[in-house]
Amino acid sequence: MQDEPTPVELTKSVADFLRSDITPLISGHQAFKLRVAINILDLVTRQLTQEEGSDASEVERLRALLGIDGSVTELNRVLADHIARGEVDLATPGLAEHLWETTMDKLAVDQPNYASYKRELGRNP
């Protein structure tokens, strides 16, 4: 869809409204529930903005590792099967780097304020 506002704009607007206009009015357990809801909206916003690019990068790394084509889900299943059978391990060229990049991409969406994630962002692999 090419309609405005975009899903990202909508979820961000709702989160911002709840954070700035509603949060000051609520206390106790309801305030906790509101913070959870705001965090969910923030997570959805990050998923909408970042997940497509990180999935594409993950697929490219998996294709290079496995030498086959498929969706991110299919390729991850194949990789997991190879690992379970002992055909692939951390000594396999590119696997450790792939796992690291995938983890960092997931943290960028799930936990972007996680202190260890922020620390690792500053390092060059």
Side-chain angles (χ1 to χ4, degrees):
M1 301 270 296
Q2 296 180 10
D3 295 333
E4 297 290 330
T6 67
V8 170
E9 292 168 334
L10 291 169
T11 55
K12 186 175 180 340
S13 293
V14 172
D16 291 345
F17 166 73
L18 293 173
R19 193 177 352 266
S20 63
D21 293 7
I22 305 301
T23 298
L25 305 175
I26 298 178
S27 62
H29 189 65
Q30 296 304 320
F32 169 76
K33 288 182 187 179
L34 179 61
R35 284 192 308 277
V36 170
I38 291 168
N39 286 338
I40 290 168
L41 289 168
D42 289 341
L43 174 64
V44 169
T45 300
R46 289 189 303 273
Q47 285 176 335
L48 290 169
T49 58
Q50 299 174 30
E51 202 164 51
E52 186 176 323
S54 63
D55 280 357
S57 297
E58 185 175 356
V59 166
E60 288 306 312
R61 289 190 307 271
L62 286 165
R63 286 177 181 159
L65 272 170
L66 300 169
I68 61 172
D69 197 10
S71 70
V72 69
T73 302
E74 294 164 341
L75 293 170
N76 273 307
R77 280 192 190 119
V78 171
L79 178 60
D81 289 343
H82 285 324
I83 292 170
R85 290 192 302 264
E87 300 166 357
V88 174
D89 61 23
L90 288 177
T92 302
L95 180 61
E97 294 82 4
H98 164 70
L99 295 173
W100 182 256
E101 289 298 319
T102 301
T103 299
M104 292 299 285
D105 287 347
K106 290 185 184 308
L107 285 172
V109 172
D110 294 340
Q111 296 292 326
N113 294 317
Y114 184 53
S116 296
Y117 167 75
K118 286 183 170 185
R119 182 186 67 238
E120 293 303 317
L121 274 181
R123 295 183 185 185
N124 290 326

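Given the structure is predicted, the values throughout are model-derived calculations rather than measurements.
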TODO: May I ask you to check whether over 12 heavy atoms, not counting those of Glu52, lie within 6.0 Å of atom CD?
DONE: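 Open.
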Open item on the list: Is it the case that atom CZ in Arg77 sees more than 12 heavy atoms from other parts of the structure closer than 6.0 Å?
Closed with: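 Incorrect, the count does not exceed 12.
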If I take atom [atom1] from residue [X] and atom [atom2] from residue [Y], how far apart are they, to the nearest 0.5 angstrom?
X: Thr45; Y: Leu10; atom1: OG1; atom2: CG; value: 9.5 Å
X: Leu75; Y: Arg61; atom1: CG; atom2: CZ; value: 11.5 Å
X: Leu34; Y: Thr23; atom1: CG; atom2: OG1; value: 4.0 Å
X: Asp110; Y: Gln47; atom1: CG; atom2: CD; value: 7.0 Å
X: Thr92; Y: Glu97; atom1: OG1; atom2: CD; value: 10.5 Å

Between [X] and [Y], is there a shared hydrophobic cluster once you connect ILVMFWY residues whose side-chain heavy atoms come closer than 4.5 Å?
X: Ile22; Y: Ile38; value: yes
X: Val36; Y: Leu25; value: no
X: Phe17; Y: Leu41; value: yes
X: Leu43; Y: Ile40; value: no

Can you name the closest pair of heavy atoms from [X] and [Y] and give their distance?
X: Leu65; Y: Gly94; answer: CD2-C, 3.7 Å
X: Ala15; Y: Asp42; answer: CB-OD1, 3.5 Å
X: Leu62; Y: Val72; answer: CD1-O, 4.2 Å
X: Tyr117; Y: Gln111; answer: CD2-O, 4.0 Å
X: Gly70; Y: Val59; answer: O-CG1, 4.0 Å
X: Ile26; Y: Ala31; answer: CG2-N, 3.2 Å

Please tell me if the side chains of [X] and [Y] come closer than 4.5 Å, counting only heavy atoms from C-beta onward.
X: Leu66; Y: Leu79; value: yes
X: Thr102; Y: Asn76; value: no
X: Met104; Y: Leu121; value: yes
X: Arg46; Y: Pro112; value: yes
X: Ser116; Y: Arg119; value: yes

Open item on the list: With side-chain contact (heavy atoms from CB on, under 4.5 Å) as the criterion, how do Leu48 and Thr6 come out once you've worked through the C-alpha distance, each side chain's angles and the decisive distance to 0.1 Å?
Closed with: CA-CA 10 Å; Leu48 290 169; Thr6 67; over 6 Å; no
- [ ] Report the C-alpha distance between Glu58 and Ser54 in whole Å, list the side-chain angles of each, state the deciding distance to 0.1 Å, and finish with yes or no for side-chain contact (heavy atoms from CB on, under 4.5 Å).
- [x] CA-CA 6 Å; Glu58 185 175 356; Ser54 63; over 6 Å; no
Open item on the list: Looking at Glu9 and Lys12, is any side-chain nitrogen of the basic one under 4.0 Å from a carboxylate oxygen of the acidic one?
Closed with: no
TODO: Sequence neighbours left out, what passes ring pair (Phe, Tyr, Trp, His ring centres under 6.0 Å) with Phe32? Give chain and number order.
DONE: His29
